[in-house]
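Some notes on the structure that comes next.
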Amino acid sequence: MKHIFQEGKDKTKPTLLLLHGTGGTESDLLPLAPHIDETASILSVRGNVSENGMPRFFRRLAEGVFDIEDLIFRTKELHEFLDEAAKKYSFDRNNIVAIGYSNGANIAGSLLFHYKDALKGAILHHPMVPRRDIELPDQTSTPVFIAAGKNDPICPAQETVDLQNLLQDANADVEVHWENHGHMLTGTEVAAAAEWYKKHF
Ligand code: MLT
């Protein structure tokens, strides 16, 4: 997968996996990483799907309606890419914290829904429930931070509540931060994510 890897000063820190929103690239979330951890390594990935030229991490049939077959295929593809990248860049595969926005948060959520040890933790900005028809793997001791908009037109508040419940039912340690700025990724939610990260890593 097309990506950027930047080795951090402190190799004991988690590697931050950056996952952009629809129409973004692997450059988009780079400025965010130092707010979370300025000494961590960064792996920023571009989604392999193109929707009218806009990169995404999996296909959708309509706004908010996901192509589940493609979601499963692309989640596996990303999962395998993480294994390869860890070998190639010599970082700890078991110490990856995802930071995703919108479609990138959805594929990060999908990693948690499909694989037990895919992520050490996750910061999900404006995620949706990736799919509703499976039992999640056990996520005991996986901390998850969700930033959501009470008035998000793309991701209704109930979607966030459902995602929190599904992850908690799988024993993940979930914290939800609410905002009132629609689907926007705001500075205040990044600051809240940074506080959460300090507590857990
Ligand atoms: C998705 O398709 O993943 C969500 O609707 C969010 C987005 O527009 O990227």
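In each ligand, atom 1 is the first atom listed, and ligand 1 is the first ligand listed.
Partners of N94 by side-chain contact (heavy atoms from CB on, under 4.5 Å), not counting sequence neighbours, listed by chain and number: D92. Remark: K199 pairs with E175 by the salt bridge (charged side-chain N to carboxylate O under 4.0 Å, His left out) rule, at least two apart or across chains.
Listed by first and then second residue, the ring-ring contact (aromatic ring centres under 6.0 Å, His included) pairs involving residues 34-55 amount to none (not counting sequence neighbours).
Aromatic rings of F145 and H200 (six-membered ring for Trp) have centroids beyond the 6.0 Å cut-off, not under it.
Across every non-hydrogen atom of E26 and S44, the tightest pair is O-OG, 2.7 Å.
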Give me the pairs of N or O atoms, one from ligand 1 and one from the protein, that sit under 3.5 Å apart.
{"residue": "ligand 1", "atom": "2 (O)", "partner": "R56", "partner atom": "NH1", "Å": "2.8"}
{"residue": "ligand 1", "atom": "2 (O)", "partner": "R56", "partner atom": "NH2", "Å": "2.9"}
{"residue": "ligand 1", "atom": "2 (O)", "partner": "R60", "partner atom": "NH1", "Å": "3.3"}
{"residue": "ligand 1", "atom": "3 (O)", "partner": "N103", "partner atom": "ND2", "Å": "2.9"}
{"residue": "ligand 1", "atom": "3 (O)", "partner": "N106", "partner atom": "ND2", "Å": "2.7"}
{"residue": "ligand 1", "atom": "8 (O)", "partner": "R60", "partner atom": "NH1", "Å": "3.1"}
{"residue": "ligand 1", "atom": "9 (O)", "partner": "T22", "partner atom": "OG1", "Å": "2.5"}
{"residue": "ligand 1", "atom": "9 (O)", "partner": "S102", "partner atom": "OG", "Å": "3.2"}
{"residue": "ligand 1", "atom": "9 (O)", "partner": "N103", "partner atom": "N", "Å": "3.4"}

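Checked for salt-bridge contact, E38 and K13 miss the test: no charged N lies under 4.0 Å from a carboxylate O.
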